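Everything on this sheet refers to the single structure shown next.
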Amino acid sequence: MNFDIDKLFLLLESEYKRFETPSVTKIANLIKSNPFAVLISTLISLRTKDEVTLKASERLFSRADNPFDMLKLSTDEVERLIYPAGFYRKKSLLILDISKYLVENYQGRVPNSLDELLKIKGVGRKTANLVLVEGFGVPAVCVDTHVHRIMNRMGLVNTKNPDETEMVLRDKLPVKYWIKWNEYLVAYGQNVCKPISPLCSTCKLSDFCAKINIKRWR
DNA sequence: AAAACGGGGGC
DNA sequence: GCCCCAGTTTT
């Protein structure tokens with residue numbers, strides 16, 4: 001990164017605090033303390049808005065916040081619990097599949113290495129890295145659509161491939177920033193650096209922006 | 001009626 | 001690398 005990464009991080013941090021909403025943060029923090037919850041809520045979040053995901057997760061985890069309890073539920077029950085998130089059939093089957101896999105292979109615990117996480121069905125690099133960062137508090141670079149879009153707009157990368165963005169960040173971003181990077185950028189991506197019609201005129205990060213791919217992402 | 005919400009996997 | 005997947009909520 002050519003620019004002052006420390007300054008950028010501080011800006012992101014202060015912006016993040018502006019976007020915090022107590023109720024959402026409370027649920028999110030509850031999920032964060034449990035790697036299994038992080039894993040499952042990430043699957044629920046597929047093609048689903050964040051508030052809906054959190055509400056569905058909260059309902060599901062109040063019934064079962066570990067693989068053993070999850071396997072006591074039928075697919076119908078899981079479907080009903082996560083219903084508003086959409087794609088509930090596919091998701092409920094996957095949730096129970098993964099629960100079974102974790103019980104059979106890891107005594108019901110979520111593995112804490114990238115390689116082992118990637119062996120789980122339905123888990124790719126984004127999900128695996130998020131489980132490491134949020135579930136285990138291990139430094140990892142998690143590139144989701146927000147991180148990927150903003151890094152492209154800033155000119156750090158110029159690629160459609162999130163894996164490439166991940167590799168560049170691993171190389172250029174100091175490890176001490178890995179834990180919070182995804183969280184801050186997701187918040188910024190949702191509130192300011194949005195996919196369509198981003199709020200560039202009031203953006204605090206414009207000094208860092210290469211101003212490419214602004215109009216529309218995707 | 002149309003758009004928004006995203007990541008994994010198959011080829 | 002490109003395309004497919006498939007359902008809700010919001011506008």
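We name chains A, B, ... by the order of the sequence lines, and we start the count at 1 in each one. The structure presented is a predicted model; accordingly, all values stated were derived computationally and were not measured.
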Within the 4.0 Å heavy-atom criterion, would you say [X] contacts the bases, only the backbone, or no part of the nucleic acid?
| X | result |
| --- | --- |
| A:D144 | sugar-phosphate |
| A:H146 | sugar-phosphate |
| A:T127 | sugar-phosphate |
| A:K49 | base |

Between [X] and [Y] (salt bridge meaning N to carboxylate O under 4.0 Å), is one present in this structure?
| X | Y | value |
| --- | --- | --- |
| A:R125 | A:E166 | yes |
| A:E51 | A:K55 | no |
| A:E77 | A:R80 | no |

Using whole Å, what does the distance between atom [atom2] of nucleotide [N] and atom [atom1] of [X] come to?
| X | N | atom1 | atom2 | result |
| --- | --- | --- | --- | --- |
| A:R125 | B:dG7 | CZ | P | 14 Å |
| A:L81 | C:dT8 | CG | C1' | 16 Å |
| A:L46 | C:dT8 | CG | P | 15 Å |
| A:K194 | B:dA3 | NZ | P | 17 Å |
| A:N158 | C:dG1 | CG | P | 14 Å |
| A:K90 | B:dG10 | NZ | P | 11 Å |
| A:R89 | C:dA6 | CZ | P | 10 Å |
| A:I44 | C:dT8 | CD1 | P | 15 Å |

(message) Please determine whether a side-chain nitrogen or oxygen atom of A:Y88 lies at a distance below 4.0 Å from atom OP1 or OP2 of C:dG7.
(response)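 For C:dG7, neither OP1 nor OP2 has a side-chain N or O of A:Y88 closer than 4.0 Å.
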
(message) Give me the distance, rounded to whole Å, that separates B:dG8 from C:dT9 when you measure between the P atoms they each carry.
(response)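 Looking at atom P only, B:dG8 and C:dT9 are 24 Å apart.
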
(message) Please give the distance between the P atoms of C:dT8 and B:dG9 as a whole number of Å.
(response)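 Their P atoms lie roughly 23 Å apart.
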
(request) Tell me yes or no: between the side chains of A:K91 and A:T48, is some donor less than 3.5 Å from an acceptor? (result)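 Yes.
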
(request) Could you verify whether a donor N or O on one side chain and an acceptor N or O on the other, from A:E15 and A:Y184, lie under 3.5 Å apart? (result)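 Their side chains do not contain a donor-acceptor pair, so the 3.5 Å distance test is not met.
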
